[in-house]
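Here the structure comes first, spelled out in structure tokens, and everything after it is commentary.
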Amino acid sequence: MLHEPPVASMPPVAETAMSEKVVTRFAPSPTGFLHIGGARTALFNWLFARKHGGVMALRIEDTDRERSTQAAIDAILDGLKWLGLAWDGDVVHQFARAGRHAEAVSDLIAQGRAYRCYATPAELDEMRESARREGRPPRYDGRWRDRDSADAAKAEAAGLRPVIRLRAPQEGETIVEDRVQGRVVFPNKDLDDLVLLRSDGTPTYMLAVVVDDHDMGATHVIRGDDHLTNAARQTHIYQAFGWETPVFAHIPLIHGPDGAKLSKRHGALGVDAYRAMGYLPAALRNYLVRLGWSQGDREFFSTQEMIEAFDLSGVGRSPARFDFAKLENMNGHYMRAASEADLVAEIEGALPYLEKADAFRAAWSPALKAQLTAAMPGLKERAKTLNELIDGAGFLVAQRPLAMDAKAGEILAAGGKAHLAALAPRLAALPDWSAASTEAAVRAYVETSGAKLGQVAQPLRAALTGRSTSPGIFDVLAVLGRDESLGRIADAA
RNA sequence: GCGCCCAUCGUCUAGCGGUCCAGGACGUCGCCCUUUCACGGCGAAAACAGGGGUUCGAGUCCCCUUGGGCGCGCCA
């Protein structure tokens, strides 16, 4: 997929005609997990590519050897897969292309569009320091921009290894035509001669991004708006190479609930955390797409509808805050709309990751799955996440004698036991055991005893589930079966 | 400090000069349904940051202020 153009004569870029195939790319740096902002960026790229019949490439920006880890790469890949955002083609590892990056730069040097700079880190610090002191923007002052070779030789002799800097335009302005931000103008005097190659010869991010996006044929660069200024700098690099820039679309960042930058304390968890919390990928996608993008009042989109509806013009320019309450609500909608079988399958798939699912992991079996499926209609109405679902289904795997929570204990203590004792023989005498037959028996008892239904149903619930809340009690009776139900009632009575 | 971006209910947003005394969703509150809790139904409170313009008319266009955010690395 990556072609390696000859270094000497850079081939002219294919014209980005309207008919050209759309190529988007998601380019995370593997210095951490895939956080929620990155996930949304990936989603937008994926949706855009799918909508236009194009492809989304995945590139790992691992040119920072110090901070890149394989664990992070695995987490990113895993996160994308879980979210259902499949990339096209092979994963591109940026560092593997360092040779190509360096070659491209030597071409720029030959053309006088880049130059060697021997300024030391200490000099650079001093430069920034004095600039700050004098109230000037902290920028490279271009001191090696036009030095003669004698100075360079002297520096070489002193053992200094140069970085390669871009000879950027110093006057005029650079315009980024952004599909989300509109036309953004940057005065060139505010953009300095950025480093292309480090003194050890490795490429910087700025250079690598441009060369890779070009070589990969990226037609659309959709990324967080923290890169907006970078787009101007990268435009300079594109110009130096004589390449056409891709279409830029800088989407606003996602903020935490307090409006501040998303931090780990807020919602900047890895997507694996959302899986552990029991969210459905489809629900997370739906929530994420509505964060910063909208199409009128519409809230719910199936994946296919999302692909059809998505467009860059619907992306807003103001940052959005992450709101767990809404995500939860949306997840609840997805769960209630899902079939019983699908939900059991979702649980099964998420079982290794779900919090507090130990009892289910241990007891998982075809029989339990059958029980879960049977109980699911009543369960899914009451849960907003898979974890809540598991929690609500806890009575299925609870061992006799059941532990009673505080409220359940109170219900039993406040006269509940007497009702259970009176009810037990009536239930035991039932010829067949079903929700309907147990309900009839309970209602008959209520009739004769003069109690309210709730006065009997609640103790039953406590005895059968150990809690004060559960799905409809007759469904619980049916799912648990005669022996287990009678046993639990006897335990509690 | 300099540059850039942003600003409608608590939150996500609709609104692309008049049909907006601003609509939807989440959340909140109330009522109904009801064996619990949910779900569901009905209803309520809740916003155009402030100030100048432009215009017959501004949430919608322009400017300023204020408040957020991002960037200014031999990080990405």
Side-chain angles (χ1 to χ4, degrees), chain A residues 27-31 61-64 66-68 94 117 119-121 124-125 128 131-140 161-165 176 178 181-182 184-187 189-192 194-200 202 204-206 208-209 224-230 232-233 250 252-253 255 257 259-261 287 290-300 316-330 332 336 378-384 388 392 407 411 439 442-443 446 452-458 460-462 465 467-474:
Chain A
S29 61
T31 52
E61 313 236 301
D62 55 353
T63 52
D64 183 343
E66 301 288 297
R67 297 198 298 160
S68 298
Q94 192 160 60
C117 167
T120 63
L124 262 16
D125 285 345
R128 277 187 279 271
R132 206 152 305 217
R133 209 165 39 231
E134 292 159 30
R136 288 182 292 108
R139 269 183 270 287
Y140 175 67
R161 304 299 306 153
V163 300
I164 309 301
R165 286 183 185 272
V176 175
D178 194 281
Q181 304 290 338
V184 187
V185 180
F186 297 89
K189 64 176 173 57
D190 297 323
L191 272 14
D192 59 5
L194 63 265
V195 173
L196 263 17
L197 245 34
R198 305 189 182 99
S199 51
D200 65 0
T202 58
T204 59
Y205 162 79
M206 283 298 174
V209 166
D225 72 5
D226 50 338
H227 286 285
L228 188 54
T229 316
N230 290 339
R233 294 192 154 82
H250 289 91
L253 267 16
H255 288 174
K261 189 178 180 178
Y287 175 71
R290 285 287 291 104
L291 216 50
W293 174 85
S294 65
Q295 187 184 69
D297 286 341
R298 189 158 180 199
E299 297 281 351
F300 287 91
R317 274 175 294 177
S318 55
R321 300 184 188 201
F322 192 88
D323 180 13
F324 268 108
K326 185 150 184 177
L327 202 213
E328 244 182 55
N329 173 275
M330 201 160 243
R336 290 193 297 279
L379 252 20
K380 71 180 185 183
E381 295 296 326
R382 295 168 171 76
K384 292 197 173 77
E388 288 181 10
K407 283 183 182 168
I411 290 166
E439 174 163 8
V442 171
R443 286 193 186 275
V446 165
K452 292 263 209 263
L453 179 54
Q455 292 175 295
V456 180
Q458 281 303 85
L460 256 183
R461 197 183 313 280
T465 69
R467 309 224 186 148
S468 58
T469 68
S470 82
I473 197 60
F474 306 116

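The sequence lines fix the lettering, A, B, ..., with proteins before strands; numbering per chain opens at 1.
Under the Watson-Crick and G-U wobble criteria, each requiring two contacts below 3.5 Å, nucleotide U19(B) is left unpaired. Nucleotide G73(B): unpaired (no Watson-Crick or G-U wobble partner with both distances less than 3.5 Å).
Looking at Asn230(A), its side chain comes within 3.5 Å of the base of A76(B) through a donor and an acceptor atom. In terms of polar N and O atoms assigned as donor or acceptor, the side chain of Arg317(A) never comes within less than 3.5 Å of the base of C6(B) in a complementary pairing.
Rounded to an integer number of Å, the gap from CD of Gln181(A) to C1' of C4(B) is 9 Å.
Under the rule for a salt bridge (Lys or Arg N to Asp or Glu O under 4.0 Å), Arg382(A) has no partner lying at least two apart in sequence or in another chain. In this view, Tyr140(A) satisfies the ring pair (Phe, Tyr, Trp, His ring centres under 6.0 Å) rule with no residue, not counting sequence neighbours. Residues meeting the side chain to side chain donor-acceptor pair (under 3.5 Å) test with Gln458(A), sequence neighbours left out: Arg461(A). Looking at residues two or more places apart in sequence or on another chain, you find no salt bridge (Lys or Arg N to Asp or Glu O under 4.0 Å) involving Asp323(A). Every residue two or more places apart in sequence or in another chain that forms a side chain to side chain contact (heavy atoms under 4.5 Å, CB included) with Arg233(A) is listed here: Leu191(A), Asp192(A), Leu194(A), Met206(A), Thr229(A).
Nucleic acid contact for Ser294(A): sugar-phosphate only, since backbone atoms but no base atoms lie under 4.0 Å from a heavy atom of the residue.
Checking the phosphate oxygens (OP1, OP2) of C74(B), a side-chain nitrogen or oxygen of Arg165(A) falls inside 4.0 Å.
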Discussion item. Treating primed atoms plus P, OP1 and OP2 as sugar-phosphate and everything else as base, which nucleotides of nucleotides 25-31 of chain B get B, S or - for protein heavy atoms under 4.0 Å?
Written reply: BSS----
